[in-house]
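Just below is one structure, and these are the notes that go with it.
Position 1 is the first residue of the sequence, and the numbers go up from there. Computed from heavy atoms alone, side chains included, the values below leave out hydrogens, waters and symmetry copies.
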Amino acid sequence: MLVAKLNDQFINAFDACQGKNYCCPACGEHLVLKQGQSKIAHFAHQVNSGCVLREGESYEHLLGKQQIFEWARKKGWQAELEVYIPQLEQRADVLLRIGGQRIVIEFQCSPLSLTALQKRTFGYQSIGIKCYWFLGSPYKRKLNQRQTQKFVQIVNRQYTIIFWDIKAKIFRLVKLAIKEKPLSLKGVTRDYRILHRLSLLQEINPCVKKFTGGLPVICHQKIWGIQVTNHPEIYWRCLVVKRLNEIPLFTSFSLNSWLYLLKEVGLTEWVKFPCLPSSRIINDYLKVFTKQLLKSGIIMMDGQTIILIRHPSYHRSLMNQYQEIQRLIQ
Ligand SMILES: [Zn+2]
């Protein structure tokens, strides 16, 4: 840790010198000041400490926190480094006060479970603090879908992953969008491969096998960006098509009841996004999907009302489907 207490004052390890009685702001235990040419000055608990803040931190984490704190101060914001919040038993890496709003920046360099991430984020929210996650270099190399889902946040109204670069001392934003993916034969082949694999999982849904015929093209019109279902997208689309085929033509829906229908279809498990307002991203995804249905003439919209005007049709054969896809790609 970078900040300790000395005679009821907070002191940064950079300004500290040996031989004084530094204490932990959380547990009050004596802390050891660690300094050296090869490491960043910091405080550490005694080896056998039971404090919630006792875990060691990496060089990058210590340095990054200090840099983010200095960056925020240069911006003219009121910033505090390592603020212990007793009611949450959590320590915020950097706490900012901007125009009456309290904002926490967490600099994450090590793996963090979804449960721990949720606990921290919801904890801050519960006492009116906004929280942003900045990611360190270990994440840069391997940000997979699961990590994206964990750390995607909204910055300037856009889905964003935030990185802090300790070499350049700046943050970098990676923007993500939910948009239509162009239809491709390669994608279609991949879909059938996935469905073939899923047909082994008949306990999930005995209907899966039935799907692997000449599927309506809407099943293959995927979306780029962030994965929102825990199942493969093709599986969810197959379930929606099956459901739409059971609904009488000219049934109408309000926008909310329509979104509800799409969300509840089959056994869909939606991904949890701990750093986003609840279900916002799923609604965005469903709206893009709805546009695809509109374009393909399956539904029509009358103001805020959605009307089912055509059932998605299965093709008589794969060849038949192939021809339609070819026509759409050109
Ligand atoms: Zn402690």
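- When only modelled atom types and interatomic distance are considered, Trp270 and Ser279 share no side-chain donor-acceptor pair under 3.5 Å.
- Within 6.0 Å of CZ on Phe171 lie no more than 12 heavy atoms contributed by other residues, nucleotides or ligands.
- The hydrophobic clustering, which links ILVMFWY residues whose side-chain heavy atoms are closer than 4.5 Å, places Phe151 and Ile154 together.
- One finds the CD1 atom of Ile105 at 11.0 Å from the CG atom of Leu81 (value rounded to the nearest 0.5 Å).
- Leu33 and Leu2 are assigned to two separate hydrophobic clusters, defined by single-linkage of ILVMFWY side chains at heavy-atom distances under 4.5 Å.
- In terms of modelled atom types and a separation under 3.5 Å, the side chain of Asn156 and the main chain of Gln158 share no donor-acceptor contact.
- Side chains of Glu60 and Ser137 form a contact here, defined as non-hydrogen atoms less than 4.5 Å apart.
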Which pairs would a plain distance check flag for residues 47-54, meaning a side-chain donor or acceptor within less than 3.5 Å of a matching protein atom at least two apart in sequence or in another chain?
{"residue": "Ser49", "atom": "OG", "partner": "Glu29", "partner atom": "OE1", "Å": "3.0"}
{"residue": "Ser49", "atom": "OG", "partner": "Cys51", "partner atom": "N", "Å": "3.0"}
{"residue": "Arg54", "atom": "NH1", "partner": "Cys51", "partner atom": "O", "Å": "3.0"}

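- Cluster membership for Ile226 and Ile162, using ILVMFWY side-chain heavy atoms within less than 4.5 angstrom, is not shared.
- Connection of Tyr132 to Ile170 is not established within any shared hydrophobic cluster, with ILVMFWY side chains joined at heavy-atom distances below 4.5 Å, either directly or through further cluster members.
- Of all heavy-atom pairs spanning Pro25 and Phe10, the tightest one is CB-CE2, 4.0 Å.
- Remark: Phe273 CZ to Gln118 CD distance equals 11.5 Å, nearest 0.5 Å.
- Side-chain contact between Val271 and Gln145 is absent, with no heavy-atom pair separated by less than 4.5 Å.
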Derivation and outcome, side-chain contact (heavy atoms from CB on, under 4.5 Å), residues Phe134 and Tyr139: CA-CA 10 Å; Phe134 286 22; Tyr139 280 93; over 6 Å; no
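- Within a 6.0 Å radius of CD in Gln9, no more than 12 heavy atoms belonging to other residues, nucleotides or ligands are found.
- Under the 4.5 Å side-chain criterion, counting only non-hydrogen atoms from C-beta, Gln227 is not in contact with Glu233.
- Under a 3.5 Å cut-off, the side chain of Thr115 and the backbone N or O of Ser113 do not form any donor-acceptor pair.
- For residues 29-56, the set of pairs meeting the ring-ring contact (aromatic ring centres under 6.0 Å, His included) definition, not counting sequence neighbours, comprises Tyr22-Phe43.
- Side-chain contact between Thr121 and Glu106 is absent, with no heavy atoms from C-beta onward closer than 4.5 Å.
- In the hydrophobic clustering of this structure, Leu195 groups with Ile325; members are Ile, Leu, Val, Met, Phe, Trp, Tyr whose side-chain heavy atoms approach within less than 4.5 Å, directly or through other members.
- Shown here for Thr251 and Ile247, the closest heavy-atom pair between the two residues is OG1-CG2, 3.5 Å.
- Screening residues 185-194 for salt bridge (Lys or Arg N to Asp or Glu O under 4.0 Å), with sequence neighbours left out, gives Asp191-Lys222.
- A side-chain donor-acceptor contact under 3.5 Å links Gln67 to the backbone of Ile166.
- More than 12 heavy atoms of other residues, nucleotides or ligands lie within 6.0 Å of NZ in Lys263, so this atom counts as buried by the packing criterion.
- Nearest heavy atom pair, residue His315 against residue Pro216, reads CE1-CA, 4.1 Å.
- Going from atom CG of Leu286 over to atom CG of Leu261 covers 10.0 Å, rounded to the nearest 0.5 Å.
- More than 12 heavy atoms of other shown residues, nucleotides or ligands fall within 6.0 angstrom of atom CZ in Arg310.
- Across all non-hydrogen atoms, the minimal contact from Tyr192 to His220 is OH-NE2, 3.8 Å.
- For the atom pair Trp133 CH2 and Leu112 CG, the distance stands at 5.0 Å (nearest 0.5 Å).
- Remark: Leu308 CG to Ile298 CD1 distance equals 8.5 Å, nearest 0.5 Å.
- Crowding of Trp77 atom CH2: a count of heavy atoms from other residues, nucleotides or ligands under 6.0 Å exceeding 12.
- For the residue pair Gln292/Arg237, the side-chain donor-acceptor check at 3.5 Å is satisfied.
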Apply the test side-chain contact (heavy atoms from CB on, under 4.5 Å) to residues Lys5 and Asp8: give CA-CA distance (whole Å), side-chain angles for both, the deciding distance (0.1 Å), then the verdict. CA-CA 6 Å; Lys5 254 183 158 175; Asp8 279 339; 4.2 Å; yes
For residues 84-100, please give each side-chain donor-acceptor pair under 3.5 Å, one per line with the distance, not counting sequence neighbours.
{"residue": "Asp93", "atom": "OD2", "partner": "His61", "partner atom": "NE2", "Å": "3.3"}
{"residue": "Asp93", "atom": "OD2", "partner": "Phe107", "partner atom": "N", "Å": "2.8"}
{"residue": "Arg97", "atom": "NH1", "partner": "Glu80", "partner atom": "OE2", "Å": "2.9"}

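- The closest side-chain heavy-atom distance from Leu135 to Gln108 is below 4.5 Å.
- Here the side chains of Leu143 and Val174 are not in contact, with every heavy-atom distance at 4.5 Å or above.
- Within the structure, the salt bridge (Lys or Arg N to Asp or Glu O under 4.0 Å) test picks out the following pairs touching residues 159-172 (sequence neighbours left out): Asp165-Arg172.
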Run the side-chain donor-acceptor check on residues 175-185: report pairs under 3.5 Å with partners two or more places apart or on a different chain.
{"residue": "Glu180", "atom": "OE2", "partner": "Lys295", "partner atom": "NZ", "Å": "2.9"}
{"residue": "Ser184", "atom": "OG", "partner": "Gly187", "partner atom": "N", "Å": "3.0"}

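- Heavy atoms of other residues, nucleotides or ligands lying less than 6.0 angstrom from CD of Gln101 number more than 12.
- Other residues, nucleotides and ligands contribute over 12 non-hydrogen atoms within 6.0 Å of the CG atom of Asp15.
- Taking each heavy atom of Ala13 and Gln35 in turn, the nearest pair found is O-NE2, 4.4 Å.
- Under the 4.0 Å criterion applied to side-chain N and carboxylate O atoms, Lys74 and Glu70 are not assigned as salt-bridge partners.
- Atom CD1 of residue Ile329 and atom CD of residue Gln326 lie 5.5 Å apart, to the nearest 0.5 angstrom.
- Formation of a donor-acceptor pair under 3.5 Å by the Arg102 side chain with backbone atoms of Ile127 is found in this model.
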side-chain contact (heavy atoms from CB on, under 4.5 Å), that's the test. Do Ile282 and Tyr285 meet it? Break it down for me. CA-CA 5 Å; Ile282 293 160; Tyr285 168 80; 5.5 Å; no
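- Under the 30°/60° scheme for interplanar angles, the aromatic rings of Trp236 and Phe289 are found to stand perpendicular.
- Phe69 places none of its side-chain heavy atoms less than 4.5 Å from the side chain of Val3.
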What's the verdict on side-chain contact (heavy atoms from CB on, under 4.5 Å) for Tyr159 and Leu276, showing C-alpha distance, side-chain angles and the deciding distance? CA-CA 9 Å; Tyr159 295 117; Leu276 292 177; 3.9 Å; yes
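- Shown here for Ile307 and Ser252, the closest heavy-atom pair between the two residues is CG1-CB, 3.9 Å.
- Residues Leu215 and Val241 fail the side-chain proximity criterion, which asks for heavy atoms closer than 4.5 Å.
- Environment of OH in Tyr260: sparse, with no more than 12 heavy atoms of neighbouring residues, nucleotides or ligands closer than 6.0 Å.
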